[in-house]
Structures are given as C-alpha cells and as structure tokens.
Amino acid sequence: MDDNHWLTRSATIKRLWIVLIAVLALTVVAEFWVVGEPHFALEHVFAFNAIYGFLVCAAMILGAKALGVLLKRRESYYDERIDD
C-alpha cells in the first residue's frame, strides 16, 4: 500500500475516530426516544445495544488477528519453485 494512501494519513485516522465516537454517542442518545422490546433482563441496561455492539466488534477484530497469526505464511512462500 502506498505510504500516502488516504487511509494511512494521521488526519484521516483522527477524523474516522471522531466519526466513530459520534455514531456511538448518537446510538446512546437515540435510546431516549426509541422504545425497545427487551427479551432478557440484561437488555434493560441503558446503552446495552451500543456496549454490546462495541464489544462484539472488538471480539471480531481480536478473532481476525488470531486467525491471521494461525494462517500466516512466510514472505517467500510463493517464491519457491517446485522442481520436476
């Protein structure tokens, strides 16, 4: 990837964090107006959906990192030739 790619710039990363935090905050604020239908006692906790979404997203990222370690190959994996 190019060193000057728009996703690697520090200004873009900062903006993305701000947008993420704003969306999470709006999700929590929306709970004042949106009436949910909780099925379990834990769902009665204020901001449960935002907390649950954040934790599941973090778990998926950690799972992907662990899977990457498990499936990782060395840099020269495709450079080797098979001799007949």
Side-chain angles (χ1 to χ4, degrees):
M1 194 180 263
D2 186 14
D3 289 339
N4 198 20
H5 192 268
W6 70 276
L7 282 175
T8 60
R9 294 182 201 141
S10 61
T12 304
I13 294 171
K14 185 176 181 179
R15 285 185 196 121
L16 287 173
W17 273 108
I18 291 170
V19 169
L20 173 67
I21 292 169
V23 168
L24 288 175
L26 288 173
T27 302
V28 172
V29 170
E31 286 202 27
F32 289 116
W33 293 282
V34 177
V35 179
E37 295 182 21
H39 300 284
F40 302 102
L42 188 59
E43 293 180 73
H44 288 282
V45 174
F46 181 74
F48 170 77
N49 293 322
I51 295 167
Y52 179 74
F54 177 78
L55 291 177
V56 168
C57 182
M60 287 178 14
I61 291 170
L62 292 175
K65 292 275 188 184
L67 190 60
V69 169
L70 181 68
L71 298 177
K72 183 171 42 174
R73 300 286 182 245
R74 61 188 180 281
E75 292 271 335
S76 63
Y77 181 75
Y78 290 106
D79 293 339
E80 297 174 2
R81 294 185 177 176
I82 300 174
D83 293 330
D84 290 328

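Keep in mind the model is a prediction, meaning the values are calculated, not measured.
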Under a single-linkage definition using a 4.5 Å side-chain heavy-atom cutoff for Ile, Leu, Val, Met, Phe, Trp and Tyr, are Phe32 and Leu24 assigned to the same hydrophobic cluster? no
What pairs of residues pass the ring-ring contact (aromatic ring centres under 6.0 Å, His included) test when at least one of them lies in residues 52-74, not counting sequence neighbours? Phe48-Tyr52
To the nearest 0.5 Å, tell me how far Lys65 NZ sits from Met60 CE. 14.0 Å
Pairs touching residues 9-37 that satisfy side-chain hydrogen bond (donor to acceptor under 3.5 Å, both in side chains), sequence neighbours left out: Asn4-Arg9
Hey, does Leu16 have a side-chain heavy atom less than 4.5 Å from the side chain of Leu20? no
